[in-house]
**Student:** 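Can you read through this structure? Questions will come right after.
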There are 2 protein chains.
Amino acid sequence: MSAPANARARVRAQLTGEITEVARRHLAASGAAALSLRAVARELGMASSAVYRYFPSRDDLLTTLIVEAYDALGRAAEEAEAGQPRDDLRARWRAACRATRDWALAHPHEYALVYGSPVPGYAAPEATIAPAARVGALLSRVLADGVAAGQVDPGAGPAGADTTLDPTLLDDLGLASDDPASSLGARAVFAWSALFGTISFELFGHTHNVVTDHAAFFDHTIDRLATEVGLT
Amino acid sequence: MSAPANARARVRAQLTGEITEVARRHLAASGAAALSLRAVARELGMASSAVYRYFPSRDDLLTTLIVEAYDALGRAAEEAEAGQPRDDLRARWRAACRATRDWALAHPHEYALVYGSPVPGYAAPEATIAPAARVGALLSRVLADGVAAGQVDPGAGPAGADTTLDPTLLDDLGLASDDPASSLGARAVFAWSALFGTISFELFGHTHNVVTDHAAFFDHTIDRLATEVGLT
DNA sequence: CAACAGAGGAGAGCACCGCTCTGTCGAGGC
DNA sequence: GCCTCGACAGAGCGGTGCTCTCCTCTGTTG
């Protein structure tokens with residue numbers, strides 16, 4: 001990955017980067033369906049067959065773009081959240097949610113690639129699962145900090161909802177509870193789903209004739225979610 | 001539409017139906033991306049060019065399938081809700097939500113076509129906006145009945161959220177309120193978005209390593225939504 | 001009843017796609 | 001300094017959406 005030994009590998013990494021860069025631009029401009037390996041090759045002045053030396057198939061190129069999109073979105077949310085005072089949990093929550101929406105609005109095709117219909121066969125490649133969790137993990141961190149600070153009651157809400165979740169993951173996220181009736185994790189997953197459901201509905205046009213002020217409605221929604229999740 | 005005057009129109013409607021039927025089957029089997037007009041024509045034993053007498057483009061065929069999917073999903077939800085006692089609002093709410101999820105699980109590709117990334121240019125055709133609202137309208141009806149029965153407080157929740165919504169639509173859905181601080185409509189739109197966000201996350205694999213018992217988690221979620229929306 | 005118009009279909013063809021195979025060339029490694 | 005092997009171009013295969021032209025057959029109308 002980093003600091004390739006021989007010059008061959010270096011120029012190879014360079015060209016791989018150029019291909020993904022052009023592909024990312026095509027994706028942003030026209031959407032995943034219109035992304036053509038041949039068009040990317042044309043823009044780079046090479047034969048289409050040459051691209052296959054770097055990406056075994058179009059789906060592999062798309063997978064790279066998916067990982068990039070997850071990482072870009074995750075980074076945007078993390079940076080916005082990091083800019084808030086540590087003890088203002090609600091501000092951190094709001095910043096993360098707003099940054100997610102802002103990124104989605106700025107990169108609609110990349111967002112659709114990642115949170116729309118799955119394009120390849122059906123199973124997401126292994127490489128995508130870690131970056132896909134970044135925003136969810138960020139929200140969980142805010143929540144876990146709230147529990148530590150005594151601002152969030154882990155026991156609130158319907159009892160036992162956490163038993164529907166993977167306990168190992170809850171542990172990793174710092175949302176595990178001794179109380180078997182806890183619903184802290186379930187509330188986090190709920191907020192996570194609702195956040196992206198709201199953004200997807202706006203971006204994909206489902207609330208087109210319903211919501212007139214999307215930004216204000218979104219702010220109401222994430223405040224509602226913060227309350228629902230237990231942030232005081 | 002109904003009862004075509006001449007025989008020509010009748011046989012035309014017949015063949016149009018056969019084309020959409022075959023296309024719908026191909027969609028259900030392989031997804032929207034793999035739906036090929038030529039393959040449909042082959043199965044029907046006609047030249048691909050002949051199909052263009054009935055659908056001006058592949059996107060128009062897809063639009064027809066989109067409308068069909070919206071209607072099928074809406075009908076499923078409405079029938080399930082209609083099977084519940086009128087005065088048990090929570091049972092009606094649960095039945096509508098569960099039927100929506102069940103239909104999505106049974107028709108993943110059709111669901112993805114409709115609630116995934118928008119495939120055509122970007123603007124949804126006019127013909128799709130009415131059927132797209134069926135599930136949302138159904139949820140609103142349960143909520144409006146709750147207000148009429150005094151079981152739902154239209155004034156609860158954050159004040160003024162309804163000002164972000166289209167007042168004409170709120171009126172049509174029976175969610176309009178004299179109180180300018182009402183949030184009844186906003187809560188309905190929120191629940192609507194969260195419902196489909198949860199289903200999409202499950203179906204598109206985002207909760208794959210997170211939720212272990214999807215059915216139980218979904219039940220917890222829609223109960224949470226019912227409470228959040230104001231159903232006692 | 002006969003003639004006509006127009007709907008419906010077939011086939012070839014265009015430009016594009018993903019992907020494969022083969023042949024060649026030039027630079028990196030010994 | 002030679003040789004190997006990675007990188008690339010080009011042709012080609014089967015597929016796509018869509019168009020155009022030609023022809024047939026049928027419902028309608030004078």
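Convention: sequence-line order gives letters A, B, ...; per-chain numbering from 1.
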**Student:** Note the angle between the end axes of the helix from C:dC1-D:dG30 to C:dC30-D:dG1, five pairs defining each, rounded to 10 degrees.
**Tutor:**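 It comes to 10° between the two terminal axes.
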
**Student:** For A:Y115 and A:L73: C-alpha separation, side-chain torsions, deciding distance, then whether side-chain contact (heavy atoms from CB on, under 4.5 Å) applies.
**Tutor:** CA-CA 11 Å; A:Y115 287 102; A:L73 169 58; 3.7 Å; yes

**Student:** For B:L61 and D:dT16, what is the distance between atoms CG and P respectively, to the nearest whole Å?
**Tutor:**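 Rounded to whole Å, this separation is 14 Å.
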
**Student:** Determine, for B:F218 and B:R98, whether the Lys NZ or Arg CZ falls below 6.0 Å from the six-membered ring centre while staying within 45 degrees of the axis.
**Tutor:**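 Ring-cation test returns no.
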
**Student:** Does the side-chain contact (heavy atoms from CB on, under 4.5 Å) test come out yes or no for A:E79 and A:R75, once each step is laid out?
**Tutor:** CA-CA 6 Å; A:E79 284 174 2; A:R75 189 167 44 248; 3.4 Å; yes

**Student:** May I ask you to check whether B:F190 and A:H220 place their ring centers less than 6.0 Å from one another?
**Tutor:**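 Ring centres of A:H220 and B:F190 not closer than 6.0 Å.
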
**Student:** Look at the side-chain N and O atoms of B:R12 and state whether any lies under 4.0 Å from the OP1 or OP2 oxygen of C:dA7.
**Tutor:**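 Answer is no, no contact under 4.0 Å.
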
**Student:** Between A:T198 and A:L195, does a side-chain contact (heavy atoms from CB on, under 4.5 Å) hold up when you go through it step by step?
**Tutor:** CA-CA 5 Å; A:T198 303; A:L195 168 65; 5.9 Å; no

**Student:** Tell me, with the steps shown, if A:L62 and A:S57 meet side-chain contact (heavy atoms from CB on, under 4.5 Å).
**Tutor:** CA-CA 9 Å; A:L62 269 182; A:S57 78; over 6 Å; no

**Student:** Under 30°, 30 to 60°, or over 60°: which ring-plane class applies to B:F196 and B:W192, parallel, tilted or perpendicular?
**Tutor:**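 Rings of B:F196 and B:W192: perpendicular, over 60°.
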
**Student:** Rounded to the Å, how far apart are B:Y54 OH and D:dG17 P?
**Tutor:**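 Distance, rounded to whole Å: 18 Å.
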
**Student:** Using atom CZ of A:R10 as one end and atom P of C:dG28 as the other, report the distance to the nearest whole Å.
**Tutor:**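 Whole-Å distance recorded here is 10 Å.
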
**Student:** What's the CD-P distance between A:E18 and D:dA7, to the nearest Å?
**Tutor:**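 The answer, rounded to whole Å, is 14 Å.
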
**Student:** How many angstroms lie between atom CZ of A:R224 and atom CZ of A:F217, to the nearest 0.5 angstrom?
**Tutor:**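 Rounded to the nearest 0.5 Å, the CZ-CZ separation comes out at 7.0 Å.
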
**Student:** Please state how far atom CG in A:L15 lies from atom P in C:dA27, giving the value in whole angstrom units.
**Tutor:**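 Checked: the CG to P distance equals 16 Å.
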
**Student:** What one-letter contact string describes nucleotides 15-24 of chain C from 5' to 3', where B marks a base within less than 4.0 Å of any protein heavy atom, S marks contact via sugar-phosphate atoms alone, and - marks no contact?
**Tutor:** --BBBBB---

**Student:** Is any NZ, NE, NH1 or NH2 atom of the basic residue among B:R101 and B:E202 found under 4.0 Å from an Asp or Glu carboxylate oxygen of the other?
**Tutor:**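 Yes, charged N to carboxylate O under 4.0 Å.
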
**Student:** Rounded to the nearest Å, what distance is computed from the CE atom of residue B:M46 to the C1' atom of nucleotide D:dT24?
**Tutor:**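 About 15 Å, once rounded to whole Å.
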
**Student:** How many whole angstroms separate atom CG of A:L44 from atom P of D:dA7?
**Tutor:**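 From A:L44 CG to D:dA7 P: 16 Å.
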
